[in-house]
Amino acid sequence: MGEVHFNNLLTVVLGSLDALEEALPEQDSHLNLVQSAVRAAEEAGRLTSQLLAYSRRTPTKLRMLQIGAFVQEIRPLLIAALGDANRLDIDIGEDVANCWADTSALTSALINLVTNARHAMTGDGTLSITANVVSGTDFYPSHDGFELPQEEYVAVNVRDNGPGVPASHREKIFEPFFTTKGIGEGTGLGLPTVLDTVRQIGADLRLGPGDGGAEFQILLPLATEADGKEAEAAAPAGNDEVVLYVEDNLLVREKTVLMLQNLGFSPLVARHGREALDYARSDRRIDIVLTDLVMPGLSGRALVRELARLRPALPVVIVTGYDPDGPDSGTDMASVLMKPYSRAELADALVRNLPSPRTE
């Protein structure tokens, strides 16, 4: 409630300042004062959002991840955060063991680190992301003595080739409000937010030695082979239900079709939203729809609206890599399956949304 109240006040302040700015002639000596007040009010709004993100404890959902596949999945988001002037180099082999993480929290942490790297590099820089399994002797030291309970973790190392972190700043960079940026350019809540986010999921963030750039190490709990077998064994199975599967990416499509078949579903594949609508208009049997959210042409959001008109009772599961509770997620009209997903998670999302009782 406090956030809503404060944002309402800021809306009134900004609206009044905008009206005043419009009313003043260009030569008025008070115009600069009004424009400064507008910038300060806008910065107050951004600072409030970051303070809330830092203090808020959001529920987390741990899931087993193949870290290389996960980072490749969110690669477009990382490239957008890094900017066109810099290069992203992801070097994570398929043989790196699985780990436990909350996908939304880990995505947020990586985007924050990448954004910091972009600000540190002056353009034409390179950011590298690697991962490997490490034991206690290979952990970078904790700035505050935080102890991790496990012996082994999956370390995700994010390193840029910028100027690095000066020795005088190394003990301070995780402190709230510490920033090296000018007034109005930074709040000093970026790294504290990342640290808080990863510790919520049983992980930790460490600063590397800093030779030739800044390096951060995210330590994620290692998932054992037994964890993987248990997750797969617990997966619900299909009963030959027809899944209208809509995905424009060929590699993702082929992988998921195979998963659907192995789970006992009958995939009906559409390469884009228009093709999916053609199936929906026909008399083909469709028990449930599984569709990507972001697609060229007809988006997943628009597809869901059309399907609701053509087949109102048809359940839909939207697949997305975005925060399902975010304002631009577009997932309020259907159930959500977060990317990347395991076979067990795929099965659970479909079975949970199929009508009951299911046909035997």
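In this structure Asp89 satisfies the salt bridge (Lys or Arg N to Asp or Glu O under 4.0 Å) test with no other residue, sequence neighbours excluded. Take Arg118 and apply the side-chain hydrogen bond (donor to acceptor under 3.5 Å, both in side chains) test, not counting sequence neighbours, and it matches no residue. For Asp84, the side chain to side chain contact (heavy atoms under 4.5 Å, CB included) criterion is met by no residue, not counting sequence neighbours. Take Val134 and apply the side chain to side chain contact (heavy atoms under 4.5 Å, CB included) test, not counting sequence neighbours, and it matches Asn132, Asp138, Phe139, Ala155, Leu219. Listed by chain and number, the residues in a side-chain hydrogen bond (donor to acceptor under 3.5 Å, both in side chains) with Tyr140 are Glu215 (sequence neighbours excluded).
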For Tyr153 and Leu222, what are the C-alpha separation, side-chain angles and deciding distance, and is it a side chain to side chain contact (heavy atoms under 4.5 Å, CB included)?
CA-CA 5 Å; Tyr153 283 77; Leu222 182 69; 5.6 Å; no
Please evaluate residues Asn98 and Ile67 with respect to the criterion side chain to side chain contact (heavy atoms under 4.5 Å, CB included), reporting the C-alpha separation (whole Å), side-chain torsions for both, the decisive distance (0.1 Å), and the verdict.
CA-CA 6 Å; Asn98 291 341; Ile67 191 64; over 6 Å; no
Could you please spell out the steps behind the side chain to side chain contact (heavy atoms under 4.5 Å, CB included) verdict for Val317 and Val336?
CA-CA 6 Å; Val317 176; Val336 178; over 6 Å; no
Please report the C-alpha distance between Leu127 and Asn161 in whole Å, then the side-chain angles of each, then the deciding distance to 0.1 Å, and finally whether the side chain to side chain contact (heavy atoms under 4.5 Å, CB included) criterion is met.
CA-CA 7 Å; Leu127 180 88; Asn161 63 349; over 6 Å; no
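Minimum interatomic distance between Ala276 and Leu244 (heavy atoms only, all atoms of both residues): O-CD2, 3.8 Å. Scanning all heavy atoms of the two residues, the minimum distance from Ser142 to Gly145 falls at OG-N, 3.2 Å.
Within the 3.5 Å criterion, the main-chain N or O of Asn239 finds a donor-acceptor partner in the side chain of Glu241. Between the side chain of Asp292 and the backbone N or O of Met295, no donor-acceptor pair lies under 3.5 Å. Formation of a donor-acceptor pair under 3.5 Å by the Asp160 side chain with backbone atoms of Ala214 is found in this model. Checked by atom type and distance alone, the side chain of Asn86 pairs as donor or acceptor with a backbone atom of Gly125 at under 3.5 Å. In this structure, the side chain of Asn157 does not engage the main chain of Ala131 through any donor-acceptor pair within 3.5 Å.
Linking ILVMFWY residues whenever their side-chain heavy atoms come closer than 4.5 Å, directly or via other members, places Leu310 and Leu314 in the same cluster. Leu258 and Val269 are members of different hydrophobic clusters when ILVMFWY side chains are connected at heavy-atom separations under 4.5 Å. Residues Leu82 and Ile90 share a single hydrophobic cluster, defined by chaining ILVMFWY side chains whose heavy atoms lie under 4.5 Å apart.
Judged by the 6.0 Å distance and 45° axis criteria, Arg206 is not positioned over the aromatic ring of Phe216.
For the salt bridge (charged side-chain N to carboxylate O under 4.0 Å, His left out) condition, the pairs that include at least one residue of residues 261-276, sequence neighbours left out, are Arg271-Glu275.
Under the 3.5 Å distance criterion, with hydrogens and angles disregarded, a donor-acceptor pair is assigned to the side chains of Ser335 and Asn353.
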